[in-house]
Amino acid sequence: MSQQITENPAQRELPRTYDPASIEDRWAEYWVREHLFDQPTPRNTSDAPAFTVLLPPPNVTGNLHMGHMFEHAETDILIRWRRMCGDRTLWLPGTDHAGIATQLMVERQLATEGKTRQQMGREAFVERVWQWKQHYGGAILSQMKRLGASVDWSREYFTMSDQLSVAVKEVFVRLHEQGLIYRATYIVNWCPRCQTAISDLEVVHEEQQGKLWEIRYPVIPESGDEPVQFLTVATTRPETMLGDTAVAVNPDDERYRHLHGKRLRLPLVGREIPVITDAWVSADFGTGAVKVTPAHDPNDFAIGQRHGLEAIDVMDETAHMNAAAGVYAGLDRYEARKRILEDLEAQGLLGAIKDHTHAVGRCDRCKTVVEPRLSKQWFVKIQPLADKAIAAVEQGYIRFTPEQYAKTYFEWMRNIHDWCISRQLWWGHRIPAWHCGTCGQITVARDTPAQCAHCGSAQIVQETDVLDTWFSSGLLPFTAFGWPEHTRDLDVFYPTQLLVTGFDILFFWVARMIMLGCHFMLDVPMPDGSERTLKDAVPFREVYIHALVRDADRQKMSKTKGNVIDPIEIVQKYGTDAVRFTLASMASPGTDIAFSEARTEGYRAFANKIWNAARFIFMNVEKAREAGIEVEPSALGVMPAAASEAPLEARWIVSALHRVAAEINAALESYRFDEAASYVYQFFWGSFCDWYLEIVKLRLDFSDSADKGAAKEALTTLLRVFESSLRLLSPFMPFLTEELWHALYQDEPPAKSIALSRYPQPQPASIDAEVESGMAALQDLIVSVRAGRKDLGVEEKAQVPVRVRTAASFEALFTANQAIIERMARVSAVEFVAKMPEGSGARTTTHFDVQVIYEKQIDAAAERERLGKDLAKYEKGLASAERQLNNEAFLAKAPAHVVDGLRKQEAETRLLLEKTRRALEELNHTK
RNA sequence: GGGCGGUUAGCUCAGCUGGUUAGAGCACCUGCCUUACAAGCAGGGGGUCGCAGGUUCGAAUCCUGCACUGCCCA
């Protein structure tokens with residue numbers, strides 16, 4: 001037993017204010033050390049429903065930022081909630097090898113040592129990257145541990161691990177066998193800095209102020225032509241003209257009809273090129289004539305294909321001009337542009353220069369301007385995969401929240417292009433293809449082949465390209481569970497239930513997981529051996545797309561702006577729970593989060609409130625024990641029910657607890673973190689602390705003269721409601737609730753963690769509307785008295801008598817709970833009267849009139865103003881109600897409950913109006 | 001250029017398929033160190049729901065147009 005206490009990190013002395021720093025590290029370590037959230041492979045598949053979530057793998061190069069923390073907070077809330085609801089939960093963590101980013105990182109490191117990867121050679125470089133990964137690659141995951149993410153650390157994956165590499169190879173080979181992978185010369189986005197192809201998605205477009213240059217191309221005269229004629233083209237990229245192989249005009253453009261079929265002399269180069277017609281050319285753009293450079297522009301490439309044009313590459317892989325550029329060879333593309341313009345100018349071939357904004361594509365990773373480049377690359381023929389992926393969402397097998405993202409998804413999926421999967425990098429999954437030096441054919445194989453599959457030659461070398469990082473991460477939902485083996489994990493945990501991620505990787509990752517999951521998992525039979533259909537081939541059933549975390553001024557956080565909030569810093573300042581709660585409370589779907597410290601401060605106060613409620617409760621447990629009263633721990637851990645003879649506040653708080661549990665469960669069910677947070681906040685602070693705790697002080701009298709049975713009952717309800725509240729709060733505030741829960745059980749809790757206890761489930765029978773409305777009337781009275789006291793300027797501490805006029809039923813209620821009124825409103829005596837109380841200090845509601853008796857004269861002017869405002873409000877309300885009630889169409893068409901409600905409201909408003917008018921008249925008489 | 005959002009209190013946001021007098025937190029004002037909590041308690045002020053039309057008995061909510069604003073794709 002003493003062993004357990006030393007192992008248990010709860011501390012006993014509760015300081016006056018909550019200090020998160022003093023408890024969080026201990027619990028974070030405890031959760032990991034005790035393997036509380038591990039989910040071993042179950043023996044059978046039919047037990048509890050599986051709730052599996054795959055962590056979007058952070059880059060090994062990354063550090064945890066606010067976006068991660070937000071994403072993880074939401075996921076953790078859901079997973080802790082489902083775990084407490086009894087599901088078999090698994091949150092699977094891991095990291096992504098991040099090809100370009102990691103290679104870039106290590107290259108930079110090498111640069112500081114004066115080395116390059118080329119000097120080192122491929123093998124040594126890759127070895128170096130592995131070392132780097134060992135050393136720095138775990139940053140985000142260790143930050144997650146500190147923040148208490150309830151993931152299964154025993155299952156951590158890495159996209160370049162041996163097991164996942166085997167799976168990646170298998171996928172490549174199968175797709176190749178199925179004819180869905182091909183190698184072709186195509187124009188791709190090329191990053192001259194990274195010296196690799198990148199996919200369309202890795203290019204970020206940005207509007208930029210540029211120029212549109214007009215260049216005159218001389219027409220080669222035929223017999224009968226005017227001697228000197230020009231065709232003027234407009235271009236944003238004059239340096240590519242060296243590779244022009246045609247000029248295109250729109251076939252319907254009358255201006256150029258006379259030039260159809262003519263040939264031009266390419267300036268500076270001297271090559272003859274044809275004038276061609278192509279409908280793609282817009283007559284409105286520039287001069288209506290465009291130069292065609294198939295090797296340096298995707299549109300031109302397409303034109304070139306259509307017209308059988310030669311593609312002349314004039315640049316090398318570093319975007320310097322190559323030998324084909326003649327005298328410009330060796331120049332950087334921008335230097336070449338300058339020189340070419342000068343030379344054209346000198347020859348009088350440069351026309352107008354116009355300002356022009358156009359979108360420039362940059363490498364997502366290093367921001368270098370992308371150069372479209374003709375090269376041999378590997379592609380996935382995507383349409384067959386996209387078809388299944390579209391069907392899966394159309395048929396509702398995958399649901400997006402917020403729903404609008406399904407539209408975005410369809411839009412992209414239906415206009416999808418083949419996926420360029422090869423990258424000219426060293427860090428990544430090397431493509432399992434071997435080129436034959438003898439016959440030139442390619443052998444694709446799972447295991448390193450000894451000879452060419454086509455000619456048997458041993459002269460084979462492996463492809464040097466690696467695969468796009470997203471190719472491997474797109475497989476994770478099944479490869480992480482052991483595919484291509486048909487494992488039990490795959491049976492139990494696939495499809496995963498939920499994916500929580502940002503819209504920025506909707507296409508990169510989410511869409512590709514859907515395509516690859518649907519494609520490959522269709523071939524894996526169901527656990528019972530039956531054939532798998534699309535419904536169960538999907539990688540996840542739900543996708544929750546979270547918002548972006550911005551700064552308090554709604555600005556995107558960026559390093560250059562310097563407005564990045566470091567989550568760890570903010571957590572150290574306010575506590576993890578407060579930050580989590582802030583994020584949750586602001587997470588309304590579809591709206592970005594403007595993260596504000598002021599808000600976090602507010603939730604730190606909430607944490608402190610919970611802490612102090614606990615201190616108060618523990619203090620009373622102690623007092624009770626001294627008086628020989630103890631509540632058995634076995635009485636806790638369940639949803640409390642209230643006996644009908646229990647005091648009003650006890651029945652009320654129990655009812656409110658059941659109600660709020662229902663609300664929170666429903667909110668979480670629909671990803672309404674903001675609502676869930678608001679409900680639990682409102683309940684704990686607004687109901688439990690402000691009212692119940694204050695009232696229950698009346699009952700916690702453990703002195704010898706007191707009714708000890710009643711005191712014990714009160715203490716029991718208090719502890720049960722509080723213990724339930726902790727469980728209710730736990731997914732949102734795991735650290736604080738863990739600490740207090742252990743303390744509540746005096747370090748002998750029924751489970752190793754509150755996270756392993758049950759989430760409060762409401763019993764409809766325990767929600768008592770009558771008790772709640774009775775309590776509401778009582779609260780109303782107390783608030784009215786307090787307000788009346790303020791009107792009269794009664795000192796805070798003074799006890800004063802009040803007069804109340806009300807119906808018999810309320811009189812009974814108020815009489816039965818007079819002690820509460822006296823305590824909560826500092827009332828010395830309650831007198832029930834039959835007549836409307838006259839004079840100052842009166843307040844009136846539909847259920848009662850109440851007057852505070854106090855000799856001090858009121859501020860008549862202030863009172864008149866207040867009553868005047870009320871009067872205006874009532875008059876307006878009454879007029880509006882009457883207008884509708886006098887409208888026959890309304891009476892005929894509106895539903896009965898609306899009409900009844902309005903009638904009731906009208907009557908009540910009329911009553912209040914009359915009372916207020918009388919009070920105002922009286923005020924005018926007396927003064 | 002195509003598409004998707006947003007515009008409600010000083011700030012950040014709720015407000016479900018149209019229905020009774022539009023809510024919350026923070027901030028603000030006033031009074032309280034009432035021993036769980038001043039990171040607190042109590043009371044209070046503050047909005048013609050971006051603009052203009054339309055549909056309806058009834059519009060913050062539905063439709064159309066406009067303005068401003070954000071994002072995605074090309």
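In the text below, chain A, chain B and the rest are named by the order of the sequence lines, each starting its count at 1. Below, each value reflects all heavy atoms present in this structure, side chains not excepted, and no hydrogens, waters or symmetry copies.
Spacing between atom CE of A/Met586 and atom C1' of B/rC26 amounts to 10 Å, rounded to whole angstrom units. Atoms CZ (A/Phe673) and P (B/rC13) sit 18 Å apart, rounded to a whole Å.
Looking at residues two or more places apart in sequence or on another chain, you find a side chain to side chain contact (heavy atoms under 4.5 Å, CB included) between A/Phe618 and A/Leu14, A/Ala614, A/Leu740, A/Ala743, A/Leu744. In this view, A/Gln572 satisfies the side chain to side chain donor-acceptor pair (under 3.5 Å) rule with no residue, not counting sequence neighbours.
Looking only at distances, no side-chain donor or acceptor of A/Arg823 sits under 3.5 Å from a matching main-chain atom of A/Ile695. Checked by atom type and distance alone, the side chain of A/Arg786 pairs as donor or acceptor with a backbone atom of A/Met824 at under 3.5 Å. Checked by atom type and distance alone, the side chain of A/Glu74 never pairs as donor or acceptor with a backbone atom of A/His546 at under 3.5 Å.
Using a cutoff of 4.0 Å between basic side-chain nitrogens and carboxylate oxygens, A/Asp364 and A/Arg362 are not scored as salt-bridged. Under a 4.0 Å N-O distance rule, the pair A/Arg826/A/Glu795 does not qualify as a salt bridge. For the pair A/Lys623 and A/Glu626, the salt-bridge criterion is not met [side-chain N within less than 4.0 Å of a carboxylate O].
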Contact letters for nucleotides 69-74 of chain B, in which S counts primed atoms plus P, OP1 and OP2 and B counts the base, heavy atoms under 4.0 Å: -S----
Which pairs, protein N/O on one side and nucleotides 32-38 of chain B N/O on the other, fall under 3.5 Å?
| unit_1 | atom_1 | unit_2 | atom_2 | d |
| --- | --- | --- | --- | --- |
| B/rU34 | N1 | A/Arg826 | NH2 | 3.4 |
| B/rA36 | O2' | A/Asn612 | OD1 | 2.6 |
| B/rA36 | O2' | A/Arg615 | NH1 | 3.0 |
| B/rA36 | N7 | A/Lys697 | NZ | 3.3 |
| B/rA36 | N6 | A/Glu694 | OE2 | 2.9 |
| B/rA36 | N3 | A/Asn612 | O | 3.1 |
| B/rA36 | N3 | A/Ala613 | N | 3.3 |
| B/rC37 | OP1 | A/Arg16 | NH1 | 2.6 |
| B/rC37 | OP1 | A/Arg16 | NH2 | 3.3 |
| B/rC37 | O4' | A/Asn612 | OD1 | 2.9 |
| B/rC37 | O4' | A/Asn612 | ND2 | 3.4 |
| B/rC37 | O2' | A/Asn608 | ND2 | 3.1 |
| B/rC37 | O2 | A/Lys609 | NZ | 3.0 |
| B/rC37 | N3 | A/Lys609 | NZ | 2.8 |
| B/rA38 | OP1 | A/Arg16 | NH2 | 2.9 |

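Only the P atoms considered, B/rG2 is 13 Å distant from B/rC66, to the nearest whole Å. Separation of the C1' atoms belonging to B/rU7 and B/rC13 is 13 Å when rounded to the nearest angstrom. One P atom belongs to B/rC49, the other to B/rG10, and the distance between them is 13 Å to the nearest Å. With both ends at atom C1', the span from B/rG19 to B/rU56 equals 12 Å, rounded to whole Å. On the C1' atoms, B/rU8 is 9 Å away from B/rG15, given to the nearest whole Å. Spacing between B/rU21 and B/rC4 at atom P, rounded to whole Å, works out to 35 Å. Taking atom C1' in both B/rG50 and B/rG5, the straight-line distance is 16 Å, to the nearest Å.
Looking at heavy-atom distances under 4.0 Å, A/Arg672 makes contact with sugar-phosphate atoms alone, never a base. In this structure, A/Tyr18 reaches the bases: a heavy-atom distance under 4.0 Å links it to at least one base atom across the strands shown.
Of the residues near RNA chain B, A/Ser678 and A/Pro20, the one whose nearest nucleotide (by heavy atom distance) lies more toward the 5' end is A/Ser678. Where A/Arg604 and A/Trp691 each meet RNA chain B at their nearest nucleotide, the meeting point lying more 5' is that of A/Arg604.
A/Tyr409 pairs in a side chain to side chain contact (heavy atoms under 4.5 Å, CB included) with only one of the listed residues (A/Val543, A/Ile545, A/Val510, A/Val393), which is A/Val393.
Applying the salt bridge (charged side-chain N to carboxylate O under 4.0 Å, His left out) test to every pair with at least one member in residues 570-583 of chain A, sequence neighbours left out, gives these pairs: A/Asp76-A/Arg580, A/Lys573-A/Glu597.
The cationic atom of A/Lys697 (NZ for Lys, CZ for Arg) lies less than 6.0 Å from the six-membered ring centre of A/Phe616 and within 45° of the ring axis.
Remark: B/rG19 base-pairs with B/rC57. Criterion, Watson-Crick or G-U wobble with two distances under 3.5 Å.
Applying a 4.0 Å cut-off to non-hydrogen atoms, the residues of residues 780-790 of chain A that approach RNA chain B are A/Val783, A/Arg786, A/Ala787, A/Lys790, listed by residue number.
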